Amino acid sequence: MIFELQHTDQASEARTGLIHTDHGDIRTPIYMPVGTDGSVKAVHFRELKEQIKAQIILGNTYHLYLRPGLEILKAAGGLHRFIGWDRPMLTDSGGFQVFSLSGIRKLTEEGCQFQSNIDGSRHFFTPENVIDKERILGADIIMALDECPPGLSDYTYAKESLGLTQRWLDRGIRHFQETQPLYGFRQSLFPIVQGCTYKDLRQEAAQYCADKGADGYAIGGLAVGEPAEVMYEMIEIVNAILPQNRPRYLMGVGTPWNILEAIERGVDMFDSVMPSRDGRNALLFTYNGTINMRNKKWEMDFSPIDSEGCETDRITSKAYLHHLFKAKEILAMQIGSIHNLAFYLRLVTDARQHIEQGDFVQWKSSVIGQMQKRI
């Protein structure tokens, strides 16, 4: 994987770039729709390409390992072929999911034993066998196994957790270097910067990861309950250390305004379940503010969802979508998901354009307040 840094904003750390992978190029900054089980919920891949304009999607190692299972995925020739997606893909390590299974997992130096949330069966993830799993999945970008500690962890726990993550990273990199991709195209391994909200731990983690000379880097453990301003501070601390000539991926973040603030601080890649989850639950994001489509005020509003949005936005009225949600029609969830995902891709595309034009900070300031209002 090659990252080509193209433009840098003069008034901030925002930048644009181009990631070259064997499944195609990715223009950054970029939002990546989340396909946890090999599917972006309620959305067909045709819509992902034609309306949403997705350049890269995510799969989740934990969920795909449990179901359908690696035997099936390997027989299919990897996740790309199994689901019929011919563009770039990223898989996480499953670490966040495993460590969120409070009460049914046990952490050791060797790895993490856990019970399946599906059937209660016991499994064991190590830095090495997670690499093996992600080789079978075959994504273009894969994540190293880390521990994602609770956001409010005390300093002692956060430091011990970071030490474990770093030792796991060394083992994962070594195994990655000892193994080969299975399907004839290259894979890139991203380390994950942890450290909770402690400045010195984040600095240590960022430097430790930067010293590995990886193709790119992820920032984990944020947007887990800390104030937004603290999250932005941690991003600034980490990005001051991570290499300028490699992509930076902020994991699991977040709202449209979170994304713009992070772009201003030098982040290139984002994922979040928020747009599709909120879309399925009638909450739509727009430049004019957020809309709850269940509110009665839309019952007689025959204007388009968004006249500047994707095709679905332009041909669907607010009144019709309101009716679909009130009637609990499946189509409502599909339309809501398409709208929000398309808006997120439109947002990062617009950000890229304004970075190239040299007025990103002014543009961001002009739109960010309105987006946060409830219409």
Side-chain angles (χ1 to χ4, degrees), residues 19 21 23 26 28-49 51-68 73 78-80 82-101 117 130 133-134 137-143 146 148 190 192 216 218-224 247-256 258-259 262 267-281 283-285 310 333-349:
I19 300 173
T21 78
H23 280 100
I26 307 160
T28 63
I30 190 65
Y31 164 77
M32 303 176 286
V34 178
T36 300
D37 291 297
S39 165
V40 179
K41 286 183 171 58
V43 179
H44 191 276
F45 290 123
R46 180 182 59 251
E47 311 302 336
L48 278 173
K49 289 182 176 181
Q51 292 203 66
I52 296 166
K53 312 295 186 185
Q55 300 177 47
I56 175 174
I57 63 172
L58 268 69
N60 182 269
T61 298
Y62 168 84
H63 290 283
L64 292 164
Y65 160 74
L66 292 177
R67 186 174 53 195
L73 290 164
L79 188 56
H80 281 92
F82 183 64
I83 67 176
W85 178 256
D86 59 1
R87 295 183 181 179
M89 189 182 301
L90 181 151
T91 50
D92 64 13
S93 66
F96 178 81
Q97 285 72 31
V98 168
F99 298 118
S100 66
L101 298 173
N117 66 303
V130 163
K133 292 172 176 54
E134 293 191 273
L137 294 174
D140 302 88
I141 301 171
I142 66 177
M143 296 292 118
D146 64 328
C148 185
F190 281 22
I192 302 175
I219 305 171
L222 293 176
V224 288
R248 297 122 169 211
Y249 162 34
L250 181 59
M251 305 180 76
V253 178
T255 63
N258 289 158
I259 287 176
V267 175
D268 307 295
M269 304 169 68
F270 302 87
D271 82 285
S272 173
V273 298
M274 181 175 289
S276 51
R277 182 192 63 200
D278 285 4
R280 295 193 306 274
N281 287 282
L283 185 66
L284 305 189
F285 296 102
C310 65
M333 294 188 288
Q334 183 182 33
I335 292 174
S337 297
I338 290 172
H339 164 81
N340 274 353
L341 291 169
F343 177 74
Y344 268 57
L345 266 297
R346 176 182 164 198
L347 182 73
V348 293
T349 299

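The shown structure was predicted, so the numbers you read here are calculated from the model rather than taken from an experiment. FYI, the numbering just counts along the sequence from 1.
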Taking C-beta and beyond as the side chain, do [X] and [Y] meet within less than 4.5 Å on heavy atoms?
X      : Y      : value
Pro88  : Gln55  : no
Leu73  : Lys133 : no
Phe190 : Met251 : no
Thr28  : Pro247 : no
Met274 : Tyr344 : yes

Let me confirm one number: the [atom1]-[atom2] distance from [X] to [Y], rounded to the nearest 0.5 Å.
X      : Y      : atom1 : atom2 : result
Asn258 : Leu250 : CG    : CG    : 8.5 Å
Ser93  : Ile192 : OG    : CD1   : 5.0 Å
Glu47  : Ile338 : CD    : CD1   : 4.5 Å
Met89  : Ile141 : CE    : CD1   : 11.5 Å
Ile19  : Ile30  : CD1   : CD1   : 8.5 Å
Asn281 : Leu284 : CG    : CG    : 11.0 Å

Check [X] against [Y] and note the closest heavy-atom contact, atom names and distance.
X      : Y      : value
Met143 : Val130 : O-CG1, 4.5 Å
Val253 : Ile259 : O-CG1, 4.0 Å
Val267 : Arg248 : CG1-O, 3.6 Å
Asp271 : Gly252 : OD1-N, 2.9 Å
Met333 : Arg280 : CG-O, 3.6 Å
His339 : Phe285 : NE2-O, 2.6 Å

Residue list, ring pair (Phe, Tyr, Trp, His ring centres under 6.0 Å) with Tyr249, at least two apart or on another chain:
none
Please output the side-chain donor-acceptor pairs of residues 56-63 that fall under 3.5 Å, not counting sequence neighbours, one pair per line with the distance.
| unit_1 | atom_1 | unit_2 | atom_2 | d |
| --- | --- | --- | --- | --- |
| Asn60 | OD1 | Tyr62 | N | 3.1 |
| Asn60 | OD1 | His63 | N | 2.9 |
| Asn60 | ND2 | Asp92 | OD1 | 3.1 |
| Asn60 | ND2 | Asp92 | OD2 | 2.8 |
| Asn60 | ND2 | Gln97 | OE1 | 2.9 |
| Thr61 | OG1 | Asp92 | O | 2.3 |
| Tyr62 | OH | Asn117 | N | 3.3 |
| Tyr62 | OH | Asn117 | OD1 | 2.7 |

For atom OH of Tyr65, decide whether the heavy atoms of other residues, nucleotides or ligands shown that lie under 6.0 angstrom number more than 12.
yes
Got a list of side-chain donor-acceptor pairs under 3.5 Å for residues 31-45, not counting sequence neighbours?
| unit_1 | atom_1 | unit_2 | atom_2 | d |
| --- | --- | --- | --- | --- |
| Tyr31 | OH | Ser272 | O | 2.7 |
| His44 | ND1 | Arg46 | N | 2.9 |

Working note: Lys53 + Val348, criterion side chain to side chain contact (heavy atoms under 4.5 Å, CB included); need CA distance, chi angles, decisive distance, verdict.
CA-CA 11 Å; Lys53 312 295 186 185; Val348 293; over 6 Å; no
